[in-house]
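Below: one structure, written as structure tokens.
So that the names make sense, note that chain A is the first sequence line, chain B the second, and so on, each numbered from 1. In what follows, every heavy atom counts, from backbone to side chain, and hydrogens, waters and symmetry copies are set aside.
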Protein chains: 2
Amino acid sequence: MTMTRRLDGDSKTLMASVYDRLRSDIVDGELRPGARLRFDELKDSYGVGLSPLREALTRLAAEKLVVLEEHKGFRVAPISRSDLTDLLFMRQEIESLAIRRSIERGDDQWESGVVAAIHALGKRSSLTPDGHIDPEWENRHRAFHDSLVAACDSPRLMLYRCQLTDHADRYRKLSHHYSSSGRDHLAEHCALSDAVVARDAETANQLIRNHLARTVEIIMTDEDLRDSGFDD
Amino acid sequence: MTMTRRLDGDSKTLMASVYDRLRSDIVDGELRPGARLRFDELKDSYGVGLSPLREALTRLAAEKLVVLEEHKGFRVAPISRSDLTDLLFMRQEIESLAIRRSIERGDDQWESGVVAAIHALGKRSSLTPDGHIDPEWENRHRAFHDSLVAACDSPRLMLYRCQLTDHADRYRKLSHHYSSSGRDHLAEHCALSDAVVARDAETANQLIRNHLARTVEIIMTDEDLRDSGFDD
DNA sequence: AGATGATGTATTTTCGAAAATCAATGATAA
DNA sequence: TTATCATTGATTTTCGAAAATACATCATCT
């Protein structure tokens with residue numbers, strides 16, 4: 001029996017597949033902030049019909065990665081300083097809450113996960129020799145932050161954190177300024193790891209807030225973002 | 001020029017309209033937790049085609065009011081004790097954060113809004129003579145809680161709070177036990193109002209957490225909810 | 001000139017039918 | 001009997017065309 005397995009990143013339905021691809025393209029910045037998303041173009045680019053496209057965009061609109069104006073169509077969500085400020089605020093609250101809760105509830109296995117993740121992160125530097133961000137470092141960086149909150153044991157908290165991370169990743173990737181800053185901040189990550197393993201919630205709280213704030217500071221001073229309507 | 005205005009609650013597109021109606025029916029409990037949502041039936045009930053229905057359900061799925069199993073269809077989101085526990089936790093955090101932030105940022109006009117809302121709430125009792133919940137009291141109750149956080153000035157915080165409130169309202173309305181308890185808790189609301197107007201964030205924090213927890217306690221002891229798969 | 005209204009085009013929104021998938025039933029073989 | 005496999009029916013998923021709406025252009029009137 002021949003089972004046509006999809007070896008690429010496709011999910012089962014076309015809608016789920018095109019949702020994943022659209023989300024990646026938005027978060028990676030290939031679809032620019034504010035860009036119109038016409039169905040004729042999308043149909044060609046992604047090779048699917050209207051129905052899965054509309055559904056995927058509706059789902060992305062619910063997550064605020066795209067916006068819908070009725071009878072005028074979908075656009076990639078615009079970026080702005082005020083939105084980034086709001087995002088930072090919310091992320092500071094949600095991340096610190098998730099970490100605090102993980103510290104309260106995490107077991108030895110969770111601690112081991114954190115230690116393993118910080119170790120793996122330290123083995124790799126953020127920039128490749130030619131000055132670009134190393135994708136493998138990106139993976140380990142995300143894995144480290146995920147490990148910090150892995151024991152928080154709240155589906156809703158995890159969902160909101162995940163959505164906020166998507167938004168933050170988009171700003172980060174749009175900011176060439178950030179990418180080239182080569183801000184490895186291994187020291188910050190180590191301090192965070194230490195505080196968490198020591199179950200010191202208050203220190204971890206301070207560290208994660210500063211960590212997130214510093215990233216936003218760098219993005220805020222990026223002139224390249226003006227092109228994308230950052231100041232409108 | 002004859003302008004066919006929709007006088008009912010319809011929004012502009014069919015998808016937005018059927019989204020509103022589906023959401024109401026789920027939150028009000030008319031569509032029972034776990035119930036299958038077949039397109040043939042929905043097409044008849046709501047009088048629209050497949051496209052707007054699928055989009056509306058996709059949007060509701062993103063908010064976790066319905067769940068989608070690929071190739072198996074949509075269902076109303078099930079309820080459970082563990083989900084209600086998670087919902088309570090998240091609501092305590094989000095509501096108390098929103099109130100704290102409103103206390104920090106609210107001006108005189110915001111204070112006036114709180115005072116006006118608690119006054120209106122006090123003029124009405126929660127139960128009608130025949131033992132049902134008074135819809136107008138419901139409106140004023142929601143308006144009061146909204147007024148507390150009206151100055152928090154964070155789109156994301158407001159969005160998450162709104163979603164959590166939808167989920168909480170559903171549990172509350174599903175619980176006949178709660179409805180008949182006639183728990184007016186005007187005293188709790190007054191205390192909350194006083195603390196907020198006095199800009200006492202710590203007291204307000206304690207009060208809102210207890211307020212939310214007490215509601216959940218009542219729902220948890222409701223035997224009627226077993227029918228809806230509360231304990232699976 | 002400026003405002004108003006009409007016309008045509010581009011685009012979204014919606015519908016109904018076709019394709020794909022799942023679930024249940026029954027048939028066949030070990 | 002039990003397990004495996006085909007067949008049927010129910011349902012979801014997807015496509016392409018039709019209807020509805022917005023936008024730009026141009027003509028008309030004051």
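The interatomic distance linking B:Asp40 (CG) with D:dG9 (P) rounds to 16 Å, in whole Å. We find that CG of A:Leu37 is positioned 13 Å from C1' of C:dT12, with the value rounded to whole Å. Between the P atom of C:dC22 and the CD atom of B:Glu70 lies a distance of 10 Å, rounded to the nearest Å. Note: CD (B:Glu41) to P (D:dT11) measures 8 Å, nearest angstrom. Per the geometry, CE belonging to A:Met15 stands 20 Å off P belonging to C:dA20, to the nearest Å. In this structure, NE2 of A:His71 is placed 6 Å from P of C:dT13, rounded to the nearest angstrom. Atom pair B:Arg75:CZ and D:dT11:C1' shows a separation of 13 Å (rounding to whole Å applied). Across the protein-nucleic acid pair, B:Lys12 atom NZ and C:dT13 atom P stand 12 Å apart, rounded to whole Å.
The main-chain N or O of B:Phe144 is found under 3.5 Å from a side-chain atom of B:Ser147 such that the two form a donor-acceptor pair.
Electrostatic pairing of A:Glu41 and A:Arg38 counts as a salt bridge here, judged by a charged N lying under 4.0 Å from a carboxylate O. Under a 4.0 Å N-O distance rule, the pair A:Asp86/A:Arg81 does not qualify as a salt bridge. Using a 4.0 Å cut-off between charged side-chain N and carboxylate O, A:Lys12 and B:Glu70 make no salt bridge. Remark: A:Arg101 does not engage A:Asp153 in a salt bridge, criterion side-chain N to carboxylate O under 4.0 Å. Comment: A:Arg142 does not engage A:Glu138 in a salt bridge, judged by the lack of any side-chain N to carboxylate O separation of less than 4.0 angstrom.
Within residues 44-61 of chain A, the residues having any heavy atom closer than 4.0 Å to DNA chain C are, in order of number, A:Leu50, A:Arg54.
Out of D:dT21, D:dT12, C:dT14, the shortest distance to the side chain of B:Phe39 is found at D:dT12. Comparing D:dT12, C:dT13, C:dT12 by their closest approach to the side chain of A:Arg36 singles out C:dT12. When distances run from any side-chain atom of A:Leu14 to the nucleotides D:dT14, D:dT13, D:dA22, the shortest one goes to D:dT14.
OP1 or OP2 of D:dC23 sits under 4.0 Å from a side-chain N or O of A:Lys72.
With sequence neighbours excluded, no residue forms a ring-ring contact (aromatic ring centres under 6.0 Å, His included) with B:Tyr46.
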